[in-house]
**Student:** 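Please read through the structure below; I'll follow up with questions.
So you know, we letter chains A, B, ... as the sequences are listed, proteins then strands, and number each from 1. Because only heavy atoms are used, hydrogens play no part in the values below, and waters and symmetry mates are left out as well, while side chains stay in.
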There are 2 protein chains.
Amino acid sequence: MSPTNQQTLESIIAQLRSKGMRKTAGLTSVIETLIDADRPLTIAEISERMDSAARCDPATVYRILEKLEKARVVRKLGMHERAMYFELLHRENHHDYLLCTGCGSITQVSAACPVGALERQLQETTGFTNLTHELVFYGMCPKCSQ
Amino acid sequence: MSPTNQQTLESIIAQLRSKGMRKTAGLTSVIETLIDADRPLTIAEISERMDSAARCDPATVYRILEKLEKARVVRKLGMHERAMYFELLHRENHHDYLLCTGCGSITQVSAACPVGALERQLQETTGFTNLTHELVFYGMCPKCSQ
DNA sequence: ATACCTGCAAAGTCTTTGCCTTAGG
DNA sequence: CCTAAGGCAAAGACTTTGCAGGTAT
């Protein structure tokens with residue numbers, strides 16, 4: 001692990017310790033794994049990638065991530081619900097969404113979607129075909145921030 | 001249901017019929033429900049919102065959506081896997097992702113993320129606070145499109 | 001010594017499949 | 001008629017929780 005990453009790790013742990021969390025092998029190893037990751041990971045993947053010495057149960061990884069999320073060190077991707085979401089695919093009718101992390105409400109963003117240019121660029125540079133995208137904003141709605 | 005929506009419904013069903021699907025009460029009602037929806041819906045929500053006359057089992061909704069997705073009439077949001085994904089939240093270090101719908105590979109997008117301006121605008125116009133966002137592109141990677 | 005953390009196992013939730021009946025074309 | 005579609009129920013997969021024992025402070 002590079003000196004920069006080592007520093008990141010220590011600063012995160014210091015922040016958590018100040019909130020009363022204990023520095024355990026599991027906590028350290030989960031954060032290390034996330035720092036080293038080049039993409040979002042599932043609970044199972046994190047558990048598998050942890051050093052065999054510090055490997056811990058998926059249930060424990062779950063509980064660690066729960067705390068890391070509350071501390072805003074980590075975020076969970078997706079709609080923040082267990083279930084899958086489906087929407088109609090009108091070509092002329094793409095929508096982005098605004099989701100409240102407090103109450104879970106989902107509303108459409110009315111402004112024009114700003115990623116068309118990047119999408120075309122990606123199609124050229126990466127060789128991917130049939131590109132579509134999904135853009136979701138997360139935040140606290142006025143009611144929930146009170 | 002407005003005449004425009006009625007037309008949308010019929011054109012979708014015609015498209016599906018040409019692929020050998022039968023026009024059933026369930027299929028019609030699922031599509032109607034999605035047309036009327038103002039946000040993505042879960043399987044359970046679709047089942048609940050269907051007219052009591054045409055309401056059908058969640059398992060059936062699942063199978064209908066499966067076909068609609070193959071026909072590219074509907075899309076599924078999220079990481080397209082059952083599991084939840086987590087990533088570290090470096091403030092200076094936001095990433096967008098490119099996901100292959102064929103093999104499921106996930107890679108980072110290196111280009112700058114184009115949604116910062118919209119995010120600030122939403123923060124002002126909607127009253128949402130602590131906005132973050134998630135941008136994922138979906139497509140077929142070069143290997144899978146062969 | 002005390003509270004937090006952990007592993008194991010069980011419970012819960014949503015998805016996915018099998019089977020048999022129903023119904024579209 | 002023939003075959004796709006639907007309902008019910010069971011199987012799967014991942015998450016979430018309870019509990020008893022371990023560990024950081």
Side-chain angles (χ1 to χ4, degrees), chain A residues 10 12-33 40-71 73-86 104, chain B residues 10 12-33 40-71 73-86 104:
Chain A
E10 280 167 18
I12 291 174
I13 289 182
Q15 174 192 342
L16 296 171
R17 299 260 348 248
S18 77
K19 299 191 179 180
M21 283 181 67
R22 292 177 179 176
K23 174 176 179 176
T24 65
L27 176 64
T28 307
S29 181
V30 166
I31 300 173
E32 278 175 0
T33 304
L41 299 178
T42 66
I43 291 175
E45 287 171 336
I46 294 171
S47 179
E48 285 159 15
R49 291 186 181 202
M50 289 167 73
D51 291 338
S52 51
R55 174 165 306 140
C56 56
D57 195 88
T60 303
V61 175
Y62 169 81
R63 282 185 278 227
I64 291 174
L65 288 171
E66 208 173 27
K67 288 169 195 160
L68 293 180
E69 202 187 355
K70 255 185 209 152
V73 168
V74 145
R75 72 165 179 172
K76 179 165 36 173
L77 281 81
M79 288 273 146
H80 293 200
E81 287 294 326
R82 292 266 289 279
M84 284 170 161
Y85 283 81
F86 296 84
Chain B
E10 280 167 19
I12 291 174
I13 289 183
Q15 174 192 342
L16 297 170
R17 299 264 340 255
S18 77
K19 298 190 181 179
M21 282 180 68
R22 293 176 181 178
K23 174 177 180 176
T24 66
L27 176 64
T28 307
S29 181
V30 166
I31 300 173
E32 277 175 1
T33 305
L41 300 177
T42 65
I43 290 175
E45 287 172 336
I46 293 170
S47 179
E48 286 158 14
R49 291 187 179 202
M50 288 168 73
D51 291 338
S52 51
R55 174 165 305 139
C56 57
D57 195 90
T60 303
V61 175
Y62 169 80
R63 283 185 277 225
I64 291 175
L65 288 171
E66 208 173 26
K67 287 168 197 161
L68 292 180
E69 203 188 353
K70 255 185 209 152
V73 167
V74 145
R75 71 165 179 171
K76 179 166 36 176
L77 282 79
M79 286 276 147
H80 292 202
E81 287 294 326
R82 293 263 288 275
M84 283 170 162
Y85 283 81
F86 296 85

**Student:** Using side-chain hydrogen bond (donor to acceptor under 3.5 Å, both in side chains) as the criterion, list what pairs up with A:Gln15, not counting sequence neighbours.
**Tutor:** none

**Student:** Quantified as the angle between the terminal helix axes (five pairs each), what is the overall bend of the helix from C:dA1-D:dT25 to C:dG25-D:dC1 to 10 degrees?
**Tutor:** 40°

**Student:** Kindly compute the distance separating CZ (B:Phe86) from CG (A:Leu65), expressed to the nearest 0.5 Å.
**Tutor:** 5.0 Å

**Student:** Between B:Glu69 and B:Glu66 (side chain of the first, backbone of the second, donor and acceptor by atom type, cut-off under 3.5 Å), is there such a pair?
**Tutor:** no

**Student:** Return the SG to CG distance between B:Cys56 and B:Asp51, rounded to the nearest 0.5 Å.
**Tutor:** 11.0 Å

**Student:** Heavy-atom distance under 4.5 Å between the side chains of A:Ser29 and A:Arg55, does that happen here?
**Tutor:** no

**Student:** Would a distance-only check, ignoring hydrogens and angles, find a side-chain to backbone donor-acceptor pair under 3.5 Å from B:Asp57 to B:Ala59?
**Tutor:** yes

**Student:** Is the closest side-chain heavy-atom distance between A:Ile31 and A:Val73 below 4.5 Å?
**Tutor:** no

**Student:** Could I get the full list of side-chain hydrogen bond (donor to acceptor under 3.5 Å, both in side chains) partners for A:Glu10, not counting sequence neighbours?
**Tutor:** A:Gln6

**Student:** Backbone N or O of A:Thr24 within a donor-acceptor pair of the A:Thr28 side chain at under 3.5 Å?
**Tutor:** yes

**Student:** What does nucleotides 12-18 of chain D look like as a protein-contact string, B for base, S for sugar-phosphate only, - for none, at under 4.0 angstrom between heavy atoms?
**Tutor:** BBBSSBB

**Student:** How about B:Leu16 and B:Lys67: do any of their side-chain heavy atoms sit closer than 4.5 Å?
**Tutor:** no

**Student:** Considering only heavy atoms, which members of residues 19-30 of chain A lie under 4.0 Å from some atom of DNA chain D?
**Tutor:** A:Arg22, A:Lys23

**Student:** Stepwise, does the side-chain contact (heavy atoms from CB on, under 4.5 Å) test hold for A:Val30 with A:Val74?
**Tutor:** CA-CA 11 Å; A:Val30 166; A:Val74 145; over 6 Å; no

**Student:** Between A:Ser47 and A:Ile43, is there a donor-acceptor pair closer than 3.5 Å when you use the side chain of the first and the backbone of the second?
**Tutor:** no

**Student:** Hey, where on DNA chain C does chain A first and last touch, going 5' to 3'? Cut-off is any atom under 4.0 Å from a heavy atom.
**Tutor:** C:dA3 to C:dT15

